Amino acid sequence: RTLDGGGRHLLPGLIDSHVHFRTPGLTHKEDWAHASRAAVAGGITTVVDMPNTVPPLRTGEEAHRKAELVDGTSLVDYRFHLGVAGEDPSPLREVGAREATSVKVFLAGHHTAPHVVRDPVQLEKVFRTAAEAGLRLLLHAEDDGVFSLLDEWRGAPSGYAEYERHRPRSGAIVAVARVLELVRRHGTSVHVLHASTAEEADLLTAGAHAGLPVTFEVTPHHLSFTAEDTSRVGARTRLSPAIRYRPDQDRLWQAVLAHEVATLGSDHAPHTRAEKLRAPADAPPGLPGVQEMFPAVHTGLRRRAPMDSPDAQLSCLVRLLAEHPAELFGLDERKGRLRPGLDADFVLFDADERWMLEPDAIRSKCGWSAYEGWTMTGRVRQTFRRGVSVYRLDELGHDVEFGTPDGRWLDARRPADVEPR
Ligand code: NCD
Ligand code: ZN
Ligand code: ZN
C-alpha cells in the first residue's frame, strides 16, 4: 500500500523513556489504555515506564507479570525501569531480564516516590554494583536533607508560591554534584533525569567533557514553564524537581540546542484534579505530558532556533526522542528487544499547523493538562505502529481513529519477544 502524506513530514515513531502510567495500584490517576492513547496522539509509539507504582517494580519477573497485565490494552510498545531502594541492590542484577531495561534510583523522596536510597554507604554500594555489572543508573537527583535544612531555617510554608521555594534549586544542584563525585570514584554510567537548573546543566556538561560517563534528560515542563507561570497556573505545574526561573529555562534550551542533552522525557505523571487541588504541601508533584511533549517542544524550538530549517528542527527532536533513547536503553540492538522505527512505527507530522490544545482533546485519564489553551506549532496528524494506523486526525482536527482498523487493540509485544511459559 502507498500512503499519501499530503506534503507532511514522516518521522520515526518516537520513544518516551520517562513515563508513569500508574499501573498497578494507582489506576485512579491514570491507566494504560488512556495513557497509551495520549501517547500515540503525541507521536509516541514506545514508552519506558517508571517503577514507583503500588507495589513498586523490583524484578524482571515482576516486569514480566506487569507486561501480561498491560497486554491487550496498550497502543504502544513498552519496557520498564526497575526500582531500587533501601538495603537491597538486587534489582541491579535483573536488568536485561525480560522487559526490564534499566534501574531508576531516587536520591530524595516525595509523595509518589517513597522508595529512596538515602544512606551514603548504600548509595556507594549501588554505584559500585552498577559499575561492576556495566549498567547505567537513572537518577532522580534531589537532596531532601537540603530541603529540611531550609525548612527549619525558614519555617513551614504557607502559600503555594512559598511552597515552591521550599523545593529549592540547591537541593538538585547538591545532589548532581554528589552524583558526579560517585561517578568519578566508581566509573558508573549515569543518566540524570529531569535536570532543572542551569548549574546542573553546567556540571553535567563539564563532567561529560572531562570524560565521565554521564548523560542527562530534560522534560518538556522545565522547557515550557517558569516560576512565573507556576504562580499563575498553581499546583498543576508543581512537579519534582520544581519548575525554576527564566535563566534556568534559557540554559536548558541552550543545552538542547548545543547537543548537551541526551534525551527528552515527558515525566508523564498524572494525578487527579482533586489531588492537585489539595493544600499546596499536600498536592502531589507531577503532571501529564506524554501527549503534549513533542508538539510543545517543537513549538519552543521554533521560537528558540528560528533560523534553523524545519528539517533541522525535526532532526534535533528525532535525535532526542528516538535515536538517543533507543541507544541508551538498548531498544534497537539487543536480541529479542524492540526495534523502534524498524518495524514500521512512524508519525505523520504537520510542522506548520497552528492549533490549540482544547480540554476535550486530552486523552490522559486525569483529564487535565497544564498546556490547556496553549497554541502549538506543529501537529501529529497520524501515527502508525507496526505499519498499522493507530491514531488519525480528520481534516477538521477531530480524532477519527484510535486502535486498529478492525477495532481490536494490538498486542503490544511481538510474539518473538515473549519467552515460552
Ligand atoms: C513523579 C510521579 O508522580 O510519579 N512526580 C514528579 O513530580 N516528577 C515521580 C518522579 O519522577 O520523581
Ligand atoms: Zn523523578
Ligand atoms: Zn518521573
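Numbering of ligands and ligand atoms starts at 1, following listing order. All values reported here derive from a predicted model rather than from experimental measurement.
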Identify the protein atoms, limited to N or O, that lie within less than 3.5 Å of an N or O atom of ligand 1, and list each pair with its distance to 0.1 Å.
residue	atom	partner	partner atom	Å
ligand 1	3 (O)	R22	NH2	2.9
ligand 1	3 (O)	T112	OG1	2.8
ligand 1	3 (O)	H271	NE2	3.3
ligand 1	3 (O)	P285	O	3.3
ligand 1	4 (O)	H20	ND1	3.1
ligand 1	4 (O)	R22	NH1	2.8
ligand 1	4 (O)	N52	ND2	2.8
ligand 1	5 (N)	P285	O	3.3
ligand 1	7 (O)	S240	N	2.8
ligand 1	7 (O)	P285	O	3.3
ligand 1	7 (O)	G286	N	3.4
ligand 1	8 (N)	S240	O	3.0
ligand 1	8 (N)	D267	OD2	2.8
ligand 1	11 (O)	H20	NE2	3.0
ligand 1	11 (O)	K104	NZ	3.2
ligand 1	11 (O)	D267	OD1	3.3
ligand 1	12 (O)	H110	NE2	3.0
ligand 1	12 (O)	H140	ND1	2.9

Note: E275-K29 ion pair, threshold 4.0 Å (strictly below) = yes
Is E181 salt-bridged to R185, going by a charged N under 4.0 Å from an acidic O?
-> yes
Paired with D49, the salt bridge (charged side-chain N to carboxylate O under 4.0 Å, His left out) test is passed by just one of K104, R79, K66, namely K66
How many protein N, O or S atoms are found at a distance of less than 2.8 Å from the Zn ion (ligand 3)?
-> 3
Would you call R22-E30 a salt bridge at under 4.0 Å N-O?
-> no
Quick check: does any side chain N or O of Q313 sit under 3.5 Å from a backbone N or O of A305, one acting as donor and the other as acceptor?
-> yes
Test ring-ring contact (aromatic ring centres under 6.0 Å, His included) applied to F384 and Y391, step by step = CA-CA 7 Å; F384 296 82; Y391 171 74; over 10 Å; no
Salt bridge between R304 and D250, side-chain N to carboxylate O under 4.0 Å?
-> yes
Any N/O/S atom of F106 sitting less than 2.8 Å from the Zn ion (ligand 2), backbone or side chain?
-> no
Pick from H20, H18, H222: which one makes a ring-ring contact (aromatic ring centres under 6.0 Å, His included) with H194?
-> H18
With a 4.0 Å cut-off, would you call R381 and D350 a salt bridge?
-> no
R386/D345 salt bridge by N-O under 4.0 Å criterion = no
